[in-house]
Amino acid sequence: MADSLRERTIAENSMVILLQGLQGQVTTVDLKNESTARGRVVNVDAFMNIRLKDVLYRDRKGQLTQLQELFITGRNVRYVHIPDHIDIMKTIESQLAKIHRVRNFASQGGGRKEYTKKSKKHSGATSETKRNEKIKGLRTKET
Amino acid sequence: MYMQPTTNTVEEPLDLIRLSLDERIYVKMRNDRELRGRLHAYDQHLNMILGDVEETVTTVEIDEETYEELYKSTKRNIPMLFVRGDGVVLVAPPLRVG
């Protein structure tokens with residue numbers, strides 16, 4: 001879970017949040033330099049920087065290298081293969097729930113509030129979506 | 001569900017992409033790549049989740065003697081793909097032949 005408010009906000013408002021939900025999964029990342037890295041996702045930050053472990057790295061010529069750890073800069077990512085068994089909506093929802101839990105935890109007992117709630121009647125989601133309407137956000141199929 | 005409430009009117013270019021959600025689309029990417037797949041999700045950076053994707057990579061080889069251009073394309077299929085938005089050039093409905 002990202003520690004800074006800034007990273008949480010960036011993640012919450014983009015598809016990176018799905019990649020963050022892939023922690024612990026084995027995936028293949030295709031890089032812009034035509035190489036691929038297959039390994040277990042350790043961490044993905046808001047900027048799509050990816051940390052992998054137990055990696056099989058294939059360079060553009062096809063040569064294989066085994067690496068214990070690999071850090072990929074977000075700008076170098078072309079594709080991330082999503083494992084077949086992943087439920088995308090559930091993963092995104094559980095990642096968002098984690099962020100909202102952190103946000104609400106901080107505001108219990110009069111602690112630091114990440115967002116002030118205008119009225120107790122409105123749920124946190126509503127005031128956030130109002131704010132998010134000004135920030136382009138996630139759009140997916142409405143069910 | 002979190003996904004932000006959407007209006008039904010088309011107000012900006014990204015809204016046109018919203019109309020294609022859950023439809024098959026054609027994506028032209030940098031480095032002579034094209035993707036055809038079902039659009040599951042996207043964001044303001046044009047990061048996208050595509051399902052049942054076919055990627056086509058096109059290369060040009062020049063014949064040393066005749067200087068002919070030989071266009072080759074390589075295709076592969078990927079069940080579910082996250083695409084980073086900075087590689088995307090354009091998004092369109094799938095091209096119809098004829």
Side-chain angles (χ1 to χ4, degrees), chain A residues 10-19 21-22 27-34 44 47-48 50 72 74-97 99-100 124-126 128-143, chain B residues 1-8 10-25 27 29-35 37-57 59 74 76-89 91:
Chain A
I10 294 171
E12 183 185 23
N13 287 309
S14 80
M15 296 297 318
V16 155
I17 195 155
L18 170 65
L19 297 184
L22 296 182
T27 55
T28 303
V29 181
D30 287 18
L31 280 70
K32 290 213 170 82
N33 68 357
E34 321 278 336
V44 179
F47 310 104
M48 217 181 288
I50 301 175
I72 303 169
R75 290 200 32 87
N76 282 307
V77 174
R78 178 179 284 142
Y79 305 133
V80 178
H81 297 239
I82 311 273
D84 288 337
H85 57 84
I86 295 284
D87 183 329
I88 291 178
M89 291 312 303
K90 283 214 174 76
T91 307
I92 294 178
E93 282 169 12
S94 71
Q95 285 300 116
L96 288 171
I99 291 180
H100 296 160
T126 311
E128 279 160 40
T129 36
K130 274 191 187 143
R131 187 187 130 93
N132 288 341
E133 274 171 35
K134 296 181 192 157
I135 308 168
K136 308 292 180 276
L138 282 171
R139 296 171 175 92
T140 65
K141 178 178 84 120
E142 283 159 292
T143 54
Chain B
M1 147 153 357
Y2 167 78
M3 304 315 150
Q4 77 174 69
T6 52
T7 63
N8 285 326
V10 174
E11 280 155 3
E12 51 167 31
L14 277 182
D15 291 335
L16 285 174
I17 299 186
R18 175 165 49 85
L19 296 179
S20 297
L21 272 173
D22 215 40
E23 305 283 340
R24 288 197 73 80
I25 54 164
V27 181
M29 302 206 28
R30 300 180 70 179
N31 296 114
D32 305 305
R33 280 156 201 268
E34 297 159 79
L35 297 174
R38 188 172 301 276
L39 180 64
H40 288 285
Y42 71 97
D43 68 8
Q44 70 276 23
H45 304 294
L46 260 40
N47 295 326
M48 294 188 280
I49 308 266
L50 295 176
D52 284 325
V53 177
E54 181 195 66
E55 181 204 37
T56 308
V57 186
T59 55
T74 317
R76 62 171 171 157
N77 286 299
I78 302 147
M80 189 68 72
L81 198 65
F82 179 103
V83 181
R84 186 175 156 102
D86 61 5
V88 174
V89 169
V91 180

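Lettering follows sequence order; numbering is per chain, from 1. Because only heavy atoms are used, hydrogens play no part in the values below, and waters and symmetry mates are left out as well, while side chains stay in. Predicted, not measured: the structure shown is a model, and the values here were computed from it.
- Going from atom CD1 of Ile82(A) over to atom CD1 of Ile78(B) covers 11.5 Å, rounded to the nearest 0.5 Å.
- Taking CZ of Arg84(B) as the reference point, atom NZ of Lys32(A) lies at 5.0 Å (rounded to 0.5 Å).
- Taking the side chain as every heavy atom from C-beta outward, Ile86(A) and Met80(B) never approach each other to under 4.5 Å.
- The closest donor-acceptor contact from the side chain of Arg75(A) to the backbone of Asp86(B) lies at 3.5 Å or more, if one exists at all.
- In this structure, CD1 on Ile17(A) lies 12.5 Å from CG on Asn47(B), to the nearest 0.5 angstrom.
- His45(B) is not listed as a side-chain neighbour of Val16(A), based on a closest heavy-atom distance of 4.5 Å or more.
- For Ile17(B), no part lies under 4.5 angstrom from a heavy atom of chain A.
- To the nearest 0.5 angstrom, Leu22(A) atom CG is 9.0 Å from Phe82(B) atom CZ.
- One distance of note links CG of Leu35(B) with OH of Tyr79(A); it measures 4.0 Å at 0.5 Å rounding.
- The shortest distance between side-chain heavy atoms of Asp43(B) and Asn13(A) does not fall below 4.5 Å.
- Only the side chain of Arg33(B) comes within less than 4.5 Å of a heavy atom in chain A; its backbone stays farther off.
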